[in-house]
Amino acid sequence: MTWSAPVVALLNNPVEWKSTIYGRNGFRKKARLGAPAGIELFELELNANNVKSASIKGELEGFRAGSNGKLARISVPMESIVAAYDFYCAGEPDCGQKMDSIYFNLMSALVKAGKPFVNPPQVTDICADKWETHLAVLPTGINLPATNRYTPGWLGEVLEENKMAFIKKRNGTEGTGQAFVEKKGSTYAAYEKSTALFAVDSLAGILEWAESRNFDDKWIVQAGIDSARIDGRVMSFRSVFQRDGDLKLHETATYAIIGAEGSRQSNVGPVPGLMGYGAEPSGIISGWDRIREQISEMGTKAVAALEKACGEAGGEIGIDTLLSTDARLIFIEANTKLGHSQFERLAEMHGGKLKEAFGKFFVRPLRYARGLAGV
């Protein structure tokens, strides 16, 4: 079946059984809840034939999701694709290097064909790299944790000045592979996934451990911040900034993320030991209206800095911040491929403005794609 109506091509991880945002179930939800945008979402199949067809601007194979969630195989002429929506998670073990290669080739072909992206590759790349994000935001004067690329000397310097340090992959997600070092008096303890590895009684001992892990410049060291807590659990905030059909930036929602008990992180994702939950902040934080205003201002400034650094506008960027125990708002990181499970749970629990915002979350990227394409 050939589909000639305007479509937005979704680059997605083609894992049928995955219930995550990157799998086919995520595609079904985006297609269903994004329908009010009035444009079809088409999952561009990642295969060698499509790479070849894209290079000559021929017909591309893929899927559309019916209202019942069933997938129908269709082909779409290149000229019917008005924009691209990149939600592929490169490096996902279930996909493998071959699939990653096809994804990068298809993305390149869409760029060469002049197709606008909801988030252009430059925006995705800078937000995926914690070090490049840090460099982009640094000139704004926004509060940032002391951060640098990993070296033993920098780790030692952070631990001499602070009681906590995180060692993070520059391109890591959901805290995967992250290590945490804590100083208590003269003792240093190392953790992974909130599990204590060991403790030593000297800085030299912890630096020896770090060297044995073969950390390199693909990692950063970031000073830990004493964050505000809820019931003893760490807390951060996720702000979702999206452009709409008017091409202007809107703050779709901001909500709290509460970390798992005993965790030093507030990740909600699938990493064992790091499960947290979303919360509606107004009911748990005094003076929330004032804090929300400051978060919005910081997030808007951070998005502008990221866009300036890469020379492209982003259509969908999540900004993560935390509130320190001395009442400072701290920028932590940015993301472009946003999960929605906690946002959805909160929308179902509280309804009202949150439910309305959750609907906008799916519609805005597709309306923005239409606006970019002028259709």
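Just so you know, these numbers use all the heavy atoms, side chains as well, and skip hydrogens, waters and symmetry mates.
Lys183 has its side chain out of reach of Asn162: every pair of non-hydrogen atoms, C-beta onward, lies at least 4.5 Å apart. Put simply, the side chain of Phe361 does not reach to within 4.5 Å of the side chain of Leu33, judged on heavy atoms. For the pair Phe331/Thr133, a side-chain contact is recorded, criterion being any heavy-atom separation below 4.5 Å from C-beta on. No side-chain heavy atom of Phe42 sits under 4.5 Å from any side-chain heavy atom of Arg64. Looking only at side-chain heavy atoms (C-beta outward), Cys95 and Tyr88 come within less than 4.5 Å of each other. Thr124 is listed as a side-chain neighbour of Lys337, based on a closest heavy-atom distance under 4.5 Å. Two residues are said to be in side-chain contact when any heavy atoms from C-beta on lie closer than 4.5 Å; Leu110 and Leu11 meet this criterion. Side chains of Arg73 and Glu61 form a contact here, defined as non-hydrogen atoms less than 4.5 Å apart.
Of all heavy-atom pairs spanning Ala334 and Ile319, the tightest one is CB-CD1, 3.9 Å. A pairwise comparison of heavy atoms in Leu207 and Gly156 identifies CD2-N, 3.9 Å as the closest pair. Taking all atoms of both residues into account, the shortest heavy-atom contact from Val200 to Gly205 is CG2-C, 3.9 Å. Of all heavy-atom pairs between Gly371 and Leu247, the closest is C-CD2, 3.8 Å. Nearest heavy-atom pair across Ile206 and Ala189 is CD1-C, 4.3 Å. Across Ala65 and Leu71, no two heavy atoms sit closer than the pair CB-CD2, 4.0 Å.
Taking CZ of Phe63 as the reference point, atom CZ of Phe27 lies at 8.5 Å (rounded to 0.5 Å). Put simply, CD1 on Ile291 and CZ on Phe237 are 6.0 Å apart, with the number rounded to the nearest 0.5 Å. To the nearest 0.5 Å, atoms CD1 (Ile295) and CD (Glu297) are separated by 11.5 Å. Note: Ile332 CD1 to Lys168 NZ = 6.0 Å, rounded to the nearest 0.5 Å. To the nearest 0.5 Å, atom CG of residue Asn171 and atom NZ of residue Lys218 are 10.0 Å apart. In this structure, NZ on Lys30 lies 6.5 Å from NE2 on His340, to the nearest 0.5 angstrom.
Here Glu316 does not pair with Arg364 in a salt bridge; the nearest charged N to carboxylate O distance is not below 4.0 Å. Between Lys163 and Asp226 there is a salt bridge, since a side-chain N of the basic residue sits under 4.0 Å from a carboxylate O of the acidic one.
More than 12 heavy-atom neighbours from other residues, nucleotides or ligands sit within 6.0 angstrom of CG on Asn68. Heavy-atom neighbours of Glu208 CD from other residues, nucleotides or ligands within 6.0 Å: at or below the threshold of 12.
The side-chain hydrogen bond (donor to acceptor under 3.5 Å, both in side chains) test applied to Asn105 returns no partner, not counting sequence neighbours. Remark: Asp129 pairs with Arg170 by the salt bridge (charged side-chain N to carboxylate O under 4.0 Å, His left out) rule, at least two apart or across chains.
Relative orientation of the His134 and Trp131 rings is parallel, given thresholds of 30° and 60° on the angle between their planes.
Residues Val221 and Leu159 fall within the same hydrophobic cluster, defined by Ile, Leu, Val, Met, Phe, Trp and Tyr side chains chained together at heavy-atom separations under 4.5 Å. The hydrophobic cluster containing Val76 also contains Met107, counting ILVMFWY residues as joined when their side-chain heavy atoms lie under 4.5 angstrom apart, directly or transitively. In the hydrophobic cluster analysis, where Ile, Leu, Val, Met, Phe, Trp and Tyr join through side-chain heavy atoms closer than 4.5 angstrom, Ile230 is grouped together with Leu329. Hydrophobic clustering of Ile, Leu, Val, Met, Phe, Trp and Tyr side chains at less than 4.5 Å, counting indirect connections, unites Val111 with Tyr103. Linking ILVMFWY side-chain heavy atoms closer than 4.5 Å, directly or via other members, places Trp219 and Leu155 in a single hydrophobic cluster.
For the side chain to side chain donor-acceptor pair (under 3.5 Å) with Asp244, the qualifying choice from His250, Arg370, Lys360, Arg367 is Arg367, the only one to do so.
Looking only at distances, a side-chain donor or acceptor of Asn47 sits under 3.5 Å from a matching main-chain atom of Asn49. Between the side chain of Asn119 and the backbone N or O of Gly314 there is no donor-acceptor pair closer than 3.5 Å. Listed for the Ser296 side chain is no donor-acceptor partner under 3.5 Å among the backbone atoms of Arg292. A donor-acceptor pair under 3.5 Å is formed between the side chain of Arg345 and the backbone N or O of Gly278. Under a 3.5 Å cut-off, the side chain of Asn50 and the backbone N or O of Leu60 do not form any donor-acceptor pair.
Among pairs with a residue in residues 140-151, those fulfilling side-chain hydrogen bond (donor to acceptor under 3.5 Å, both in side chains) read Thr147-Gln222, Tyr150-Glu211, at least two apart in sequence or across chains.
The cationic atom of Arg233 (NZ for Lys, CZ for Arg) does not lie both less than 6.0 Å from the six-membered ring centre of Tyr277 and within 45° of the ring axis.
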* To do: List the steps, then state whether side chain to side chain contact (heavy atoms under 4.5 Å, CB included) holds for Arg238 with Tyr255.
  => CA-CA 6 Å; Arg238 162 62 59 88; Tyr255 53 93; 3.6 Å; yes

For this session: Output, in order, the C-alpha distance, side-chain angles, deciding distance and verdict of side chain to side chain contact (heavy atoms under 4.5 Å, CB included) for Leu346 and Phe358.
Result: CA-CA 9 Å; Leu346 291 174; Phe358 186 66; over 6 Å; no

Check the pair Gln342 / Ile257 against side chain to side chain contact (heavy atoms under 4.5 Å, CB included), numbers first and verdict last.
CA-CA 8 Å; Gln342 296 305 311; Ile257 300 176; 5.9 Å; no

(message) Run Phe343 and Leu354 through side chain to side chain contact (heavy atoms under 4.5 Å, CB included) and show every step you take.
(response) CA-CA 8 Å; Phe343 190 0; Leu354 266 174; 4.0 Å; yes

